[in-house]
Protein chains: 2
Amino acid sequence: MKDLTKRQHEVVLFIQDYLAHHGYPPTIREIGGNFGISVKAAFDHVKALQRKGILKTGESRSRAIEIIHDAFLPKKEGTSVPVLGNVAAGMPLFAEENFDGTLTIPNERLKRGSRYYALQVKGDSMIHAGILDGDFAVIRYHQEAENGDIIVARVGDEAVTLKRFYRENNRIRLQAENPEFPPIYTQDIQVLGILQMIIREYV
Amino acid sequence: MKDLTKRQHEVVLFIQDYLAHHGYPPTIREIGGNFGISVKAAFDHVKALQRKGILKTGESRSRAIEIIHDAFLPKKEGTSVPVLGNVAAGMPLFAEENFDGTLTIPNERLKRGSRYYALQVKGDSMIHAGILDGDFAVIRYHQEAENGDIIVARVGDEAVTLKRFYRENNRIRLQAENPEFPPIYTQDIQVLGILQMIIREYV
DNA sequence: CATTTTACGAAACATAGGTATAGGTATGAA
DNA sequence: TTCATACCTATACCTATGTTTCGTAAAATG
């Protein structure tokens with residue numbers, strides 16, 4: 001982003017502060033009042049900040065200042081996703097019994113409208129992709145995968161597994177990231193989601 | 001609180017939703033428009049919600065609806081930690097310029113009273129510990145380390161680095177998790193924190 | 001050195017949007 | 001039955017607030 005001038009920075013800080021205290025943004029006049037400057041001066045600052053991509057204002061809408069630049073956005077809360085057992089133990093998944101607490105995810109990164117869940121990884125089959133035993137895998141529920149995606153899939157009737165997905169001529173290859181685990185070739189799979197995030201905790 | 005009617009509840013939900021999407025509250029007319037009712041009808045609902053202690057509105061101030069009742073306030077389940085540049089680029093760290101946004105962390109896992117920050121990992125030196133280039137490392141600020149901890153340290157005057165910590169007879173060994181990187185032996189280090197969590201995002 | 005950007009003021013303009021008046025129906029309690 | 005509240009329409013009022021016009025002056029930029 002273009003750099004802000006001192007004054008412009010002060011204005012953003014005021015807007016943030018006002019927002020935090022009131023739950024809604026200030027008017028142009030309130031901004032001006034705060035700095036003891038004219039309406040026009042305040043208006044100019046807001047427009048400048050808008051040009052620089054910090055704010056967005058509704059055209060002719062009152063009190064419609066929206067901070068859009070990440071660095072000035074208020075800290076957002078997280079979204080809770082259910083932890084549904086683990087991959088490897090396989091089995092029910094999505095069954096109620098299989099509920100294992102929740103995990104809060106920074107929701108800046110999550111797409112609205114998608115369903116997410118988490119699984120705890122068991123085993124070393126993805127170790128070369130930096131996915132270790134015990135890691136939490138945050139999965140976006142989705143039925144289709146593209147080559148190279150790391151996905152959660154049900155293979156046949158039993159196992160639920162986390163592998164890299166490749167569609168080949170007339171079969172699907174599920175590739176582990178560990179030479180000790182041979183690829184699985186199959187047609188009978190159901191994609192249960194795509195890996196979005198890995199969260200690992202150290203003691 | 002007095003119970004809300006179905007309609008009133010819908011109105012609060014709409015206001016919450018609007019707020020989440022725009023960063024500022026709706027006008028009375030926008031509320032009315034959403035439900036296909038008249039301005040006055042919407043106005044009445046807002047006033048009713050105000051009487052019941054859910055909202056507060058500025059007298060004659062446009063778009064000045066503030067949700068004040070706890071149950072309808074957005075709940076924050078995460079803690080924001082600042083992302084302070086990356087490990088490898090090294091350098092100031094903790095300097096203001098070095099601010100790179102925030103990351104929200106599930107606060108179930110964080111100890112109260114500790115200070116946390118995050119760094120983005122650069123390079124492959126910890127690849128065998130499942131820490132990849134680009135991962136976010138959440139660090140608990142702490143000045144002492146124990147053998148085997150993965151820590152952030154400043155070595156000498158320059159480099160800030162993420163390594164495994166071992167105290168040996170009369171020196172300290174900072175061990176990478178990649179055979180291509182030889183261990184660093186030194187006495188002149190400052191521990192800047194202990195790795196608590198790794199967060200990796202896929203696309 | 002010319003030009004653009006920043007920073008500000010006074011006043012006027014246009015309208016978005018809070019508020020009020022004057023109604024209506026429906027429900028449930030006193 | 002009467003009163004209160006929820007819920008609604010339609011129209012009007014009025015002022016808070018975004019925007020523009022016409023200026024000045026300094027600082028940054030090329």
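Proteins come first, then strands; the chains are lettered A, B, ... in the order of their sequence lines, and each starts at number 1.
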Answer yes or no: is there a donor N or O on one side and an acceptor on the other, between the side chain of R154(A) and the main chain of Q190(A), under 3.5 Å? no
Whole-Å distance separating the CZ atom of R51(A) from the C1' atom of dA7(C): 12 Å
Figure out the NE2/C1' separation between H9(A) and dT6(C), and round it to whole Å. 17 Å
So, with a heavy-atom separation below 4.0 Å from DNA chain C, the residues of residues 29-40 of chain B are R29(B), V39(B), K40(B)
Range on DNA chain D touched by chain A, heavy atoms, distance below 4.0 Å: dT17(D) to dC22(D)
Given atom CG of L49(A) and atom P of dT5(C), what is their separation to the nearest angstrom? 15 Å
Output yes when at least one side-chain N/O atom of Q8(A) is less than 4.0 Å from OP1 or OP2 of dA7(C), else no. yes
Rounding to a whole Å, what distance do you find between D44(B):CG and dA20(C):P? 11 Å
Kindly state each residue pair satisfying salt bridge (Lys or Arg N to Asp or Glu O under 4.0 Å) with at least one member in residues 190-199 of chain A, sequence neighbours excluded. none
Please report, rounded to the nearest Å, how far the P atom of dG17(C) is from the CD atom of E59(A). 11 Å
I need the CZ-C1' distance between F43(A) and dA11(C), as an integer number of Å. 15 Å
Could you pick out which residue, R61(B) or K6(B), lies toward the 5' side of DNA chain D when each is mapped onto its nearest nucleotide? K6(B)
Indicate whether OP1 or OP2 belonging to dG17(C) is found under 4.0 Å from a side-chain N or O atom of S62(A). yes
Quick one: does any side-chain atom of E201(B) pair with a main-chain N or O of M197(A) as donor and acceptor, under 3.5 Å? no
Would you mind listing every ring-ring contact (aromatic ring centres under 6.0 Å, His included) that reaches into residues 24-58 of chain B, with sequence neighbours excluded? F14(B)-F35(B), H22(B)-Y24(B)
Counterpart residues, side-chain contact (heavy atoms from CB on, under 4.5 Å), relative to S60(A) (two or more places apart): none
Listed partners of Q175(A) passing side-chain hydrogen bond (donor to acceptor under 3.5 Å, both in side chains), at least two apart: R173(A)
Can you pull every protein N or O that's under 3.5 Å from an N or O on nucleotides 27-30 of chain C?
none

Identify every side-chain donor-acceptor pair in residues 124-132 of chain B under 3.5 Å, counting partners at least two apart or on other chains, and give the distances.
{"from": "S125(B)", "atom 1": "OG", "to": "K163(B)", "atom 2": "NZ", "distance (Å)": "3.4"}

R29(A): partners by side-chain hydrogen bond (donor to acceptor under 3.5 Å, both in side chains), with sequence neighbours left out: none
Please report the distance, rounded to the nearest Å, between CZ in R7(B) and P in dT25(C). 19 Å
Hey, could you give me each pair passing salt bridge (Lys or Arg N to Asp or Glu O under 4.0 Å) that has a residue in residues 175-185 of chain B? Not counting sequence neighbours. R164(B)-E177(B)
Which pairs pass salt bridge (Lys or Arg N to Asp or Glu O under 4.0 Å) with one or both residues in residues 127-141 of chain B, sequence neighbours excluded? D135(B)-R200(B)
Between R63(B) (CZ) and dA16(C) (P), how many Å, whole number? 11 Å
Any salt bridge (Lys or Arg N to Asp or Glu O under 4.0 Å) involving residues 10-21 of chain A? Give me the pairs, sequence neighbours left out, ordered by first then second residue. K6(A)-E10(A), R7(A)-E10(A)
